[in-house]
Protein chains: 2
Amino acid sequence: MVDDRQGAGADRLRANDSPAGLRARLSDVAAEANVTKSVASRVLNQDPTLKVREETRARVAQAAERLGYQPHSGARALASGEAGALALLLPDLSNPVFSRILRGAFVRALARHYMVVVVEEDPGVEATEQVTDLVRSGRVDGLLIGTARPGHPLFERDLAAFPHVFVNRPVAGSHRNVYLDFREASALAVEHLLSLGHRRLAHIAGPVDVTSAHEREKGYQAALASHGLGRGPVVHGTFDEEGGAEATSRLLRRHPEVTGVYVSSLTQAVGVLHAARALGRPAPGGLSVISFDDSPLARYLDPPLTCVSTSLEELGERAVDALISQLEGQLVGDVVISGQSNVVRRQSTAPV
Amino acid sequence: MVDDRQGAGADRLRANDSPAGLRARLSDVAAEANVTKSVASRVLNQDPTLKVREETRARVAQAAERLGYQPHSGARALASGEAGALALLLPDLSNPVFSRILRGAFVRALARHYMVVVVEEDPGVEATEQVTDLVRSGRVDGLLIGTARPGHPLFERDLAAFPHVFVNRPVAGSHRNVYLDFREASALAVEHLLSLGHRRLAHIAGPVDVTSAHEREKGYQAALASHGLGRGPVVHGTFDEEGGAEATSRLLRRHPEVTGVYVSSLTQAVGVLHAARALGRPAPGGLSVISFDDSPLARYLDPPLTCVSTSLEELGERAVDALISQLEGQLVGDVVISGQSNVVRRQSTAPV
DNA sequence: GCGCTGAAGAAAACCGGTTTTCTAGGAGGC
DNA sequence: GCCTCCTAGAAAACCGGTTTTCTTCAGCGC
C-alpha cells in the first residue's frame, strides 16, 4: 500500500526537523558544526581522551552558543547515570535555621552545576518513602540529611550504600558529618554570661534525641566545668516558641535562683522572653537570656536578644562540597565549622 | 579473533542481568511477567487503548510489586517529554510566608505525583538565568511564579509560552493568577480596628511594586471608603522588620493622630511593635496594631499580635492544581481564595 | 612501495523508558 | 471454506544524550 511512502515521508520530515523548532538538540549543534554527535558531546563535556583540532573545538563551541544549546537533563541522566541533583532533607522549612542552610546549599550547588531538591520531613513516614522514591527513580545523586535522629527510619533502609552526608545534626561514627562547632559556640555563650557576673546559669535545650541540640548541651556543661562550676541545670523543650516558654516556666519553678540562661535556638528564645515576662522575671533584669543563632528578628524583640551568631549558610555550602567530593569518590570525613561564631550583644543580657 | 565470543558473552550477561542487581528495570518487570516492555509500560501507566486480559494485567502489577519497580525519572522524561516536576520561584525563603506556600505546594504536588524544585530569587539576575536553564533543560514542566513584579525580567523572555501560574502576587491581565482575597482580608482588619472604636487609621504597606501588597492597600482604602471614612494614610516599607520599623517612625511623625494601624505583613509588624515602643507609643495603649498573616511567633511577641490569619498552604495547593490543569490543557483563569481569612484577636489591639 | 602508527573524527551501541505499528490466532458472517 | 474483524500482545522506533569502538588518512621509517 502506501506504507512505504508514508514511512519515507515521516523519515524525511524528522531528518529535516529544523533546529528552529523549540530546543536545539545535540544533533543540531553537531550538524551546525559539521561534526558528529559524539564529537560535539565530547567537546562540550571536555572529554580529555578526545583528539580534535583546536579549530573544530571552536566550531562546536560556537555552534552551541549560537543555537543556545542546553542539554536535556533527562537524556543526560539516562545516558550518564548522573542526575545532576542533590536532595536536601529538612525537618521544618518554616524555621529560619533551615532556610539558611538551604540557601547556602542552594547557591553552592548551583555554582557546582547541581540542583537542590528540598524535602521537608513533615508527616514523618511519608517523607521517608518520598526520599526512597527520589533515590530509586534516579532523580538525585546524593542526600544532604538534615533530619538525622537516632533510630530514624532512613537508616534502616538499604540507603546506607547511597551517597550522603549529615548536615547540622551529626551522627556519631558515620564519618559523614558536616556541622558547626557547637562546643565553641556554647562556650562563647557561657563565657558571655559569666563575664556579666552571672554564676547561676541554666541551659534550655532542644529535644533530647536531636544530636545538634545535645552537642550544645554538652558544650554548655563542658564550659561550666572548665570554669570550675560543676554541672548546671538543663531543661528540654521542643524547637519552637512554645517549647521555650514551657521549658522556662519549668526551669524557674525548679531553679528560681538562676539568673542567666543559654537557650538552644532562637525560636525557643522568643518563648523564653515571653515566659520570663509572664512570670515576673523579664529580661534582662529578671533573667539574662542569650540564644544560639542570630537572625534579623532578634534585633526587634523586646528586649532585643543577645545571640551567638553562626554561619548556617556556610554549613550548607560545606555540606554540598562534602557530598560532591563523595560523589567523586573521595570520602571526606567529618567537617566541623569552627571560628565563625561570635556573640552579638543586645539588651537581653545584663550584669547581675 | 575472540571478538565474537566476547560479544556473545557480553550479550548473554546483559540479557541475564539479574533483577537482583540494583534497580529493577521495566524490562525486568516485563520478563518476570512474561510480557513485553510495551505491555508492561502500558499496564503500569493505565493506557486506556491497551487491550489485555485481566489476568495479564495482574501478573504485570504483581511483578512490579515484587521487584519494587520504580521507573527511572530521566528515561521517562526523555521518552514522554514530561519531567514530572514543577519549579516554584520564591523571593525569600527565610520569610515564613513563603515557606508556608512552599509547604502547601509541596504536599499537593506530591499527591499528584510531581516534584517541586524551589528557586529562591536571591541575586536577582542569576535566578532568572537559572529558571531559564531549568525550563530549557526540560527539568520542569511548569512554573509557579511567586516573584512577580511589574517589569520582572522573566516576562521579557520567551517563557511566556511555557506553562506557568502566578502565586500570591497576581499579574493583571495574565488570567493565570492564584491569590488570596486580599480585599476581604483587609476589610476584616479595618473592621476590627473600627469595632474597637478607632477612627484614625493608617496602613503600613509593602513595597510599591509588589502587587500583593498593593492589593492589600487597595483593600484597606476600599474598606475605609465603604465606611465613609475617605482615604487613609499609607506608608510603604520593605517586607522585613526594619521596613516596618522605619515606616512606623515616618508614619507617627507625619500622622501622630493615628491610633490604629493595619500592617501588611508579620515581619513588618515585628518592627512596628518595636518602633512604636521606642517612640513612646507602645501597643496597644499607644497604638493598636493588626497584621496581615498569622504565625506561631505572633502569640509570643510583646504584646501578642492581633492578626488576620490566612491560608497560605491552600494558596500553594491551589496554585499546583491550577498549573497541573494547565499542563493538561485546560486554562483555568484566575483563582481567588476567599472565605478563609479571620481575625485572631490578641493583645496588640485594644479599644481607643 | 609498503606496512605501521597516531591523529581526528565517524559510527554505533546503549541508557530505560513511551508510543506507534505490526502480527498471530480465534470468532463470526456469508 | 474463506474473508474480515477483533483481541491480545509482540516488535520496533524513538526520545536525546554518553561512551565505546571503528575507520580514514597522513606521515613516517625502511
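Below, chain A is the first sequence line, B the second, and so on; all start at residue 1.
Aromatic ring centroids of A:His164 and A:Phe162 lie 6.0 Å or more apart.
Nearer the 5' end of DNA chain D, as judged by each residue's closest nucleotide, is the contact made by B:Thr36, out of B:Thr36 and A:His72.
Residue B:Arg25 has no polar side-chain atom (N or O) positioned under 4.0 Å from OP1 or OP2 of C:dG17. Note on B:Tyr69: a side-chain N or O is less than 4.0 Å away from OP1 or OP2 of C:dG17.
A:Asn34 pairs by the side chain to side chain donor-acceptor pair (under 3.5 Å) definition with nothing, not counting sequence neighbours. Every residue was checked against the side chain to side chain donor-acceptor pair (under 3.5 Å) condition with A:Arg53, not counting sequence neighbours, and none meets it.
Of the listed nucleotides (C:dT19, C:dG17, D:dG16), C:dG17 has the atom at the smallest distance from the side chain of B:Arg76.
For B:Glu55, the CD atom is densely surrounded, since the number of other residues' heavy atoms within 6.0 Å is greater than 12. Within a 6.0 Å sphere centred on CD of B:Glu65, heavy atoms belonging to other residues, nucleotides or ligands number 12 at most.
The existence of a salt bridge linking B:Asp133 and B:Arg136 is excluded, since no basic side-chain nitrogen approaches an acidic carboxylate oxygen closer than 4.0 Å.
Sorted by residue number, the members of residues 40-62 of chain B with any non-hydrogen atom under 4.0 Å from DNA chain D read B:Arg42, B:Lys51, B:Val52, B:Arg53, B:Thr56.
Atom CD of B:Gln70 and atom C1' of C:dG17 are 13 Å apart (whole Å). What separates NZ of A:Lys37 from P of C:dA10 is a distance of 13 Å, to the nearest Å. When the C1' atom of D:dT19 is taken as reference, atom CG of A:Leu78 falls 13 Å away, rounded to whole Å.
If you check distances only, the side chain of B:Ser38 does reach the base of D:dA11 with a donor-acceptor pair under 3.5 Å.
Taking CG of B:Leu134 as the reference point, atom CG of B:Leu143 lies at 7.5 Å (rounded to 0.5 Å).
Applying the salt bridge (charged side-chain N to carboxylate O under 4.0 Å, His left out) definition to pairs two or more places apart or across chains, none involves residues 71-89 of chain A.
Within the 4.5 Å cutoff, no side-chain heavy atoms of B:Glu317 are placed close to those of B:Val107. Side-chain contact between B:Leu44 and B:Leu26 is present, with heavy atoms from C-beta onward closer than 4.5 Å.
When the local axes at the two ends of the helix from C:dG1-D:dC30 to C:dC30-D:dG1 are compared, using 5 base pairs at each end, they differ in direction by 70° after rounding to 10°.
The side chain to side chain donor-acceptor pair (under 3.5 Å) with B:Glu313 is formed by just one residue from the set B:Arg108, B:Arg318, B:Arg100; it is B:Arg100.
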Just the table, please: protein N/O against nucleotides 4-6 of chain D N/O, every pair under 3.5 Å.
none

